[in-house]
Amino acid sequence: NAFSNLYIKAGAMENFDDMGKDYEATLLLGLNFVLSENMHFTLEEELNYDNLPPIGFDKTDTKSIVRLGYKF
C-alpha cells in the first residue's frame, strides 16, 4: 500500500486586545506515501492568512513542503 494517509490541519489565533480586527489563520494539507518499510515521502501545502500583516507584507502566504523520512 503506497498511499498511507491524507491529513488536514487548521488553526487560528486572535489578538484579544483588538478583537475581530487582528487575527491569523493557517491551513495545512498533507499526503504521506510509504516507499518501503522504513522510508516515507510527504507532500504538504500550507496557507497562512494574516488580517493585519506588517507594512509591506501580503495578507496571504503559501508554502510547499517536501519531506523524505527514514525510520531507524
Side-chain angles (χ1 to χ4, degrees):
N1 186 9
F3 178 68
S4 180
N5 64 3
L6 163 71
Y7 56 93
I8 299 172
K9 297 179 183 178
M13 295 187 305
E14 181 155 0
N15 181 349
F16 291 112
D17 293 335
D18 200 4
M19 290 285 280
K21 294 181 183 174
D22 187 8
Y23 59 89
E24 298 176 21
T26 299
L27 179 65
L28 178 98
L29 174 66
L31 292 167
N32 275 326
F33 298 92
V34 176
L35 301 177
S36 70
E37 185 177 334
N38 295 330
M39 291 187 74
H40 65 276
F41 178 73
T42 304
L43 291 173
E44 291 181 340
E45 189 66 27
E46 184 176 321
L47 173 68
N48 293 304
Y49 178 81
D50 186 348
N51 191 50
L52 290 176
I55 295 172
F57 288 85
D58 292 332
K59 287 188 173 193
T60 305
D61 185 28
T62 60
K63 112 173 100 167
S64 299
I65 303 161
V66 177
R67 292 188 182 119
L68 181 62
Y70 185 82
K71 187 178 5 175
F72 293 93

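Here the structure is a predicted model, which means the values were calculated and not measured. Along the sequence shown, residues are numbered consecutively beginning with 1.
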Between [X] and [Y], is any pair of side-chain heavy atoms under 4.5 Å apart?
| X | Y | answer |
| --- | --- | --- |
| Leu29 | Leu6 | yes |
| Leu31 | Asn5 | no |
| Glu46 | Thr26 | yes |
| Asp22 | Asp50 | yes |

Ring pair (Phe, Tyr, Trp, His ring centres under 6.0 Å) partners of Phe57, counting only residues at least two apart =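 In terms of ring pair (Phe, Tyr, Trp, His ring centres under 6.0 Å), with neighbours along the sequence ignored, Phe57 is linked to no residue.
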Check for me, please, whether [X] and [Y] land in the same ILVMFWY cluster - side-chain distances under 4.5 Å, paths through other members count.
| X | Y | value |
| --- | --- | --- |
| Val66 | Tyr7 | no |
| Leu27 | Leu43 | yes |
| Leu52 | Tyr23 | no |

So, for [X] and [Y], which heavy atoms are closest and what is the spacing to 0.1 Å?
| X | Y | answer |
| --- | --- | --- |
| Gly30 | Glu44 | CA-CG, 4.0 Å |
| Asn51 | Lys21 | ND2-O, 2.6 Å |
| His40 | Tyr70 | CE1-N, 4.4 Å |

Begin with the C-alpha distance, continue with both residues' side-chain angles, and end with the deciding distance and a verdict on side-chain contact (heavy atoms from CB on, under 4.5 Å) for Leu28 and Glu45.
-> CA-CA 6 Å; Leu28 178 98; Glu45 189 66 27; over 6 Å; no
Atom [atom1] of [X] and atom [atom2] of [Y]: how far apart are they, to the nearest 0.5 Å?
| X | Y | atom1 | atom2 | answer |
| --- | --- | --- | --- | --- |
| Lys71 | Asn38 | NZ | CG | 6.5 Å |
| Leu47 | Thr60 | CG | OG1 | 6.0 Å |
| Asn32 | Arg67 | CG | CZ | 9.0 Å |

Show your reasoning for whether side-chain contact (heavy atoms from CB on, under 4.5 Å) applies to Tyr49 and Glu24.
-> CA-CA 5 Å; Tyr49 178 81; Glu24 298 176 21; over 6 Å; no
